[in-house]
Amino acid sequence: MNETLKRTISGAVYIALLLTSILFSTESFIILFGIFLIIATYEFSNLAGINKIFSILFVSLFYSTVSLVSFYRSETENYINKFLKEKIQITIDTDQLFTVLLVITLIVSIKCIIFLFDDTQIISRLSKYIYLVGYIMLPFLFITKISFGIKDYNPKIIIGLFVLIWTNDTFAYLVGKSIGKHKLFERISPKKTIEGFLGGVVFAAFAGFLISKLYIQPNPDFSNKSILIWTIIALIVSIFGTIGDLIESKFKRIAGVKDSGAIMPGHGGVLDRLDSVIFVAPIIFLFYQILYYVS
């Protein structure tokens with residue numbers, strides 16, 4: 001089987017699995033990304049050289065706990081109160097929880113950007129675990145969280161986000177390959193070009209326009225602003241998605257490997273497929289919060 005056919009089949013399986021889980025139910029979506037998180041943690045542990053068993057157990061427990069508390073709050077509160085025999089009434093404030101998690105994630109994201117531009121090739125053990133928490137684990141929670149938009153689960157939001165990422169990646173590659181001459185960040189990713197980056201931005205913005213007009217049912221509060229909102233999301237995806245891709249490339253360069261894993265023939269590992277979205281998700285969540293409070 002040639003490489004192109006491998007990439008096509010594994011890519012089709014990945015997209016079909018992703019779309020099916022997102023559209024089928026909230027639970028299937030959360031479970032799939034929990035599985036992705038476990039695989040990504042294993043791959044990152046290999047790249048960073050940290051304990052795999054501890055890392056997987058820690059992120060699995062944290063992801064499961066926060067998901068239960070956040071998405072099934074009333075059921076969780078009732079169970080805890082029943083378990084405590086109603087001596088203490090527990091009320092869980094998920095908004096405050098995710099605000100704290102967002103602050104932590106954004107701080108680690110800034111650390112990741114500094115790390116990207118730093119020439120140091122040695123990462124301390126403490127930093128490796130900080131990256132595991134803020135660069136790998138918490139963004140997966142925000143991927144699931146932003147799919148709820150302002151109120152209820154809306155699969156169109158997360159599908160729209162992935163379409164923007166795929167559009168940006170595809171056209172950045174095509175434009176860069178056809179007319180790219182000026183390197184974007186040669187010492188980390190020699191194939192990326194400034195022309196490719198700009199091409200990705202333009203086509204992602206156009207895709208954002210089409211999504212807002214043809215796919216997303218505008219929220220009544222933002223009916224006149226839907227195009228602007230999705231254009232801004234497209235710009236966020238293009239800029240921060242590219243940064244996320246470069247950060248993962250630096251981890252791989254330090255580890256001396258081409259791909260984070262081999263679970264997807266022709267595409268590499270889960271981290272290779274999700275490196276953009278995990279860096280973008282917290283920024284999109286922040287954007288939604290600002291949008292909500294401003295409105």
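Fair warning: this is a prediction, and the values are worked out from it, not measured in the lab.
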Can you name the nearest heavy-atom pair linking [X] to [Y], along with the distance?
X: Glu43; Y: Gly261; result: OE2-CA, 3.9 Å
X: Arg125; Y: Ile50; result: NH2-CA, 4.3 Å
X: Gly200; Y: Ser238; result: O-OG, 3.9 Å
X: Ser147; Y: Ile158; result: CB-CB, 4.1 Å
X: Val280; Y: Phe240; result: CG2-C, 3.8 Å
X: Ile143; Y: Phe29; result: O-CZ, 3.8 Å

How about Phe203 and Phe206: are their ring centroids closer than 6.0 Å? no

Assert yes or no for the condition that the ring centre distance of Phe140 to Phe36 is strictly below 6.0 Å. no

Show your reasoning for whether side-chain contact (heavy atoms from CB on, under 4.5 Å) applies to Met264 and Asp259. CA-CA 10 Å; Met264 294 178 61; Asp259 298 318; over 6 Å; no

I'd like to check [X] versus [Y] (side-chain heavy atoms, cut-off strictly below 4.5 Å). Are they in contact?
X: Ile236; Y: Leu164; value: no
X: Thr242; Y: Asn168; value: yes
X: Lys252; Y: Leu47; value: yes
X: Tyr173; Y: Asp169; value: no
X: Ile136; Y: Val59; value: no
X: Val175; Y: Phe197; value: no
X: Thr193; Y: Leu184; value: no
X: Ile247; Y: Tyr131; value: no

Return yes when atom CG of Leu198 has more than 12 non-hydrogen atoms of other residues, nucleotides or ligands closer than 6.0 Å, and no otherwise. yes

Among His182, Lys181, Lys177, the one residue meeting side-chain hydrogen bond (donor to acceptor under 3.5 Å, both in side chains) with Glu195: His182

So, taking the atom named [atom1] in [X] and the one named [atom2] in [Y], what distance separates them when rounded to the nearest 0.5 Å?
X: Leu106; Y: Leu138; atom1: CG; atom2: CG; result: 10.0 Å
X: Ile211; Y: Lys156; atom1: CD1; atom2: NZ; result: 11.5 Å
X: Ser67; Y: Ile31; atom1: OG; atom2: CD1; result: 10.0 Å
X: Lys145; Y: Leu102; atom1: NZ; atom2: CG; result: 11.5 Å
X: Ile254; Y: Ile188; atom1: CD1; atom2: CD1; result: 7.5 Å
X: Glu248; Y: Ser189; atom1: CD; atom2: OG; result: 10.5 Å

Short side-chain to backbone donor-acceptor contact, [X] and [Y], under 3.5 Å:
X: Ser212; Y: Phe209; value: yes
X: Thr144; Y: Leu141; value: yes
X: Arg187; Y: Asp119; value: no
X: Lys192; Y: Ala172; value: no
X: Lys183; Y: Pro190; value: yes

Apply side-chain contact (heavy atoms from CB on, under 4.5 Å) to residues Leu17 and Tyr14 and explain how you reach the verdict. CA-CA 5 Å; Leu17 180 63; Tyr14 165 69; 5.9 Å; no

Given Ile113 and Phe279, is the side-chain contact (heavy atoms from CB on, under 4.5 Å) satisfied, shown in steps? CA-CA 11 Å; Ile113 294 173; Phe279 200 77; 3.9 Å; yes

Treat each ILVMFWY residue as a node, draw an edge where side-chain heavy atoms are under 4.5 Å apart, and state whether [X] and [Y] are in one component.
X: Leu174; Y: Ile165; answer: no
X: Ile179; Y: Val202; answer: no
X: Val237; Y: Ile194; answer: yes
X: Leu132; Y: Val270; answer: yes
X: Leu246; Y: Ile123; answer: yes

Decide yes or no on side-chain contact (heavy atoms from CB on, under 4.5 Å) for Ile243 and Phe185, but give the supporting numbers first. CA-CA 10 Å; Ile243 293 174; Phe185 208 141; over 6 Å; no

Anything under 30° is parallel, anything over 60° is perpendicular, the rest tilted; go ahead and classify Phe162 against Phe33. tilted

Among Ile104, Val103, Thr105, whose side chain to side chain contact (heavy atoms under 4.5 Å, CB included) with Ile107 holds? Val103

For a ring pair (Phe, Tyr, Trp, His ring centres under 6.0 Å) with Phe142, tell me which candidate from Tyr135, Phe98, Tyr63 qualifies. Phe98

Do the side-chain N and O atoms of Ser260 and Asp272 include a donor-acceptor pair separated by under 3.5 angstrom? yes

